[in-house]
Amino acid sequence: MKKSIVSTVAVVAAVVVLIASLAVIKSQNAQSEEDLSVEPESQAMEMTVEWKGKAYKYNSSLVNILFLGVDNSDPIETETVPGEAGQSDCIMLFSLDPETKQGKILQINRNTMMDLDVYDFSGNYQKSVYAQLTLQYAYSIGGKYSCRAVRNKVSELLYGVTIDGYLAMQVDGISEINDAFGGVDVTLTEDWTVIDPSFTEGSTVHLEGDLAESFVRYRDITEFNSIQGRMERQVQYVTALISKMRSFGGEDFYETISPYIGDYILTDMDADEIDALATYEYLTDEVQYLPGEEIINGEYEEYYVDEEELQDLVISIFYTEVEE
């Protein structure tokens, strides 16, 4: 009995230490978010944390790229007034290991509830509001400022992990960008004939034109948690598109997407960095989703993160065990 009590106390103590360590990272990282003209310095890179009796150090060799799907009809580089920039309906983090050449994918629910930063017409921080993460893009002034605002919030959500770059795509441009690469093939793991009669479970379909956009955007807003199915399709599509891009290396790849930069694509990466995305093997069978629970609050769905499970997830993806 005493041994059981001691073990329980030890586990609780370990959880407290981890929460305290990661909370420090989150707090320190948040202090740099008000100024979107500079890149925040991650505190996670300097931290070693204790978790379940073992020590872990942040894996600074990883390259983390934020992918955003923005729902707005204006050119994506447009700077506008707060509230008019659109929303980031797709939020995905690619964690790339240059040594193994493998990429892990973390899909982040757009409805995740957290403190967001609201900016004025000049892009200056004004206040914080508790709302869905998808709105952070709208709460800034569009273009690179909105991308940076979402980047900072995702980093904060994940306890200060470094985000090395972002690539945002306006969803209105999906059909054109998709067709520029000759379309993509996806094998359906569920029946989506509600989108198109050809979308039967187990079938491999070739997505071109409006069909590609429908595949990525469709959601039955009358169905609770329909966002989950859309997130799964988004992962399928994005990884299929990246796979198709492997035949477009270096200058050819850049020339293919360059007509869409500014209108449909916005990124802080150069051509070589973008091309490198296609050199990784993406572990599509190991896609992670932000742990938590979706609920209905009035008219809207809200997603609340399970902090303990999230801490476990952050450790497993972004930290390595310290050898004794």
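Met269 and Ile177 end up in the same hydrophobic cluster when Ile, Leu, Val, Met, Phe, Trp and Tyr side chains are linked at under 4.5 Å. Under the 4.5 Å side-chain heavy-atom criterion for Ile, Leu, Val, Met, Phe, Trp and Tyr, Ile91 and Leu310 are members of the same hydrophobic cluster. Residue Val129 is grouped with residue Leu135 when hydrophobic side chains (ILVMFWY) are merged at heavy-atom distances under 4.5 angstrom, including chains of intermediate members. No single ILVMFWY cluster, assembled from side-chain heavy atoms under 4.5 Å apart, contains both Val287 and Leu283. Residue Tyr289 is grouped with residue Ile65 when hydrophobic side chains (ILVMFWY) are merged at heavy-atom distances under 4.5 angstrom, including chains of intermediate members.
When only modelled atom types and interatomic distance are considered, Glu302 and Asn111 share no side-chain donor-acceptor pair under 3.5 Å. In this structure, a donor-acceptor pair under 3.5 Å is absent between the side chains of Thr284 and Thr239. Residues Tyr300 and Gln132 bring no donor and acceptor atom of their side chains to less than 3.5 Å of each other. There is no side-chain donor-acceptor pair under 3.5 Å between Gln236 and Glu232. Between Lys101 and Thr279, the side chains place a donor N or O and an acceptor N or O closer than 3.5 Å (distance only, hydrogens not considered). Side-chain atoms of Asp115 and Ser128 include no donor-acceptor pair closer than 3.5 Å.
Taking the ring centroids of Phe94 and Tyr282, they lie under the 6.0 Å cut-off.
Put simply, the side chain of Arg230 never gets that close to the backbone of Tyr218: no donor and acceptor are under 3.5 Å apart. The backbone N or O of Asp210 lies less than 3.5 Å from a partner atom in the side chain of Ser214, making a donor-acceptor pair. Side-chain atoms of Gln102 do not come within 3.5 Å of backbone N or O of Leu96 as any donor-acceptor pair. One N or O on the side chain of Asn178 and one on the backbone of Leu207 form a donor-acceptor pair closer than 3.5 Å. Proximity of a side-chain donor or acceptor of Glu273 to a complementary backbone N or O of Asp270 within less than 3.5 Å is detected. The backbone N or O of Gly292 lies less than 3.5 Å from no partner atom in the side chain of Glu309, so there is not a single donor-acceptor pair.
A perpendicular orientation is assigned to the rings of Tyr119 and Tyr125, their planes being inclined by more than 60° (bins at 30° and 60°).
Rounding to the nearest 0.5 Å places CG of Leu313 at 5.0 Å from CD of Gln288. Atom CG of Asn152 and atom SG of Cys147 lie 11.0 Å apart (nearest 0.5 Å). Note that CG of Asp71 and CZ of Arg217 are 4.5 Å apart. Values are rounded to the nearest 0.5 Å. Distance CG/Asn109 to CG/Leu133: 9.0 Å, rounded to 0.5 Å. For the atom pair NZ (Lys144) and OG1 (Thr267), the distance works out to 13.0 Å, reported to the nearest 0.5 Å. Note that the OH atom of Tyr159 and the CD1 atom of Ile315 stand 10.0 Å from one another [nearest 0.5 Å].
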| Stepwise side chain to side chain contact (heavy atoms under 4.5 Å, CB included) check, Leu211 with Asp196 | CA-CA 8 Å; Leu211 204 58; Asp196 186 88; 3.5 Å; yes

| field | Intermediate values then yes/no, side chain to side chain contact (heavy atoms under 4.5 Å, CB included), Val171 and Val70 | value | CA-CA 6 Å; Val171 291; Val70 179; over 6 Å; no

| Does the side chain to side chain contact (heavy atoms under 4.5 Å, CB included) test come out yes or no for Phe318 and Thr162, once each step is laid out? | CA-CA 9 Å; Phe318 303 105; Thr162 300; over 6 Å; no

| task | Go through Phe121 and Ile141 one step at a time and tell me if the side chain to side chain contact (heavy atoms under 4.5 Å, CB included) criterion holds. | result | CA-CA 7 Å; Phe121 290 81; Ile141 58 173; 5.9 Å; no

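For the pair Lys244 and Phe181, the cation-pi criterion (under 6.0 Å, within 45° of the ring axis) is not fulfilled.
Considering only residues two or more places apart in sequence or on other chains, Val150 meets the side chain to side chain contact (heavy atoms under 4.5 Å, CB included) condition with Leu66, Leu68, Ser88, Gln136, Tyr137, Val154.
In this structure, the side chains of Thr204 and Val186 stay at 4.5 Å or more apart for every pair of heavy atoms. Considering only heavy atoms from C-beta on, Met92 comes within 4.5 Å of Cys90 through its side chain. The shortest side-chain heavy-atom distance between Phe199 and Val205 falls under the 4.5 Å cut-off. The shortest distance between side-chain heavy atoms of Glu176 and Tyr260 falls below 4.5 Å. The side-chain heavy atoms of Thr134 and Thr112, taken from C-beta on, include no pair separated by under 4.5 Å. At least one side-chain heavy atom of Tyr237 sits less than 4.5 Å from a side-chain heavy atom of Val184. At a threshold of 4.5 Å between non-hydrogen side-chain atoms, the residues Leu93 and Ile163 count as touching. Using a 4.5 Å heavy-atom threshold, the side chains of Ile295 and Tyr304 count as touching.
Classification of Asp117 and Lys153 as a salt-bridged pair holds, one side-chain N sitting under 4.0 Å from a carboxylate O. Using a 4.0 Å cut-off between charged side-chain N and carboxylate O, Asp312 and Lys52 make a salt bridge.
Scanning both residues, Ala85 and Ser140, for their nearest heavy atoms gives CB-O, 4.5 Å. Nearest approach of Leu157 to Val305, heavy atoms of both residues: CD1-CG2, 4.3 Å. Taking both residues in full, the closest heavy atoms of Asp164 and Val63 are given as OD2-CA, 3.4 Å, listed atom of the first, atom of the second, then distance. Nearest heavy-atom pair across Glu208 and Asp179 is CA-OD1, 3.5 Å. Here the closest non-hydrogen pair linking Ser175 and Glu213 is OG-OE1, 4.2 Å. Considering all non-hydrogen atoms of both residues, Leu266 and Gly143 come closest at CD2-C, 3.3 Å.
By the neighbour-count criterion of 12 heavy atoms within 6.0 Å, atom CD1 of Ile221 is sparsely surrounded, having that number or fewer from other residues, nucleotides or ligands. The environment of Tyr130 atom OH is dense: over 12 non-hydrogen atoms of other residues, nucleotides or ligands sit within 6.0 angstrom. Within 6.0 Å of the CG atom in Asp97, the count of heavy atoms belonging to other residues, nucleotides or ligands exceeds 12.
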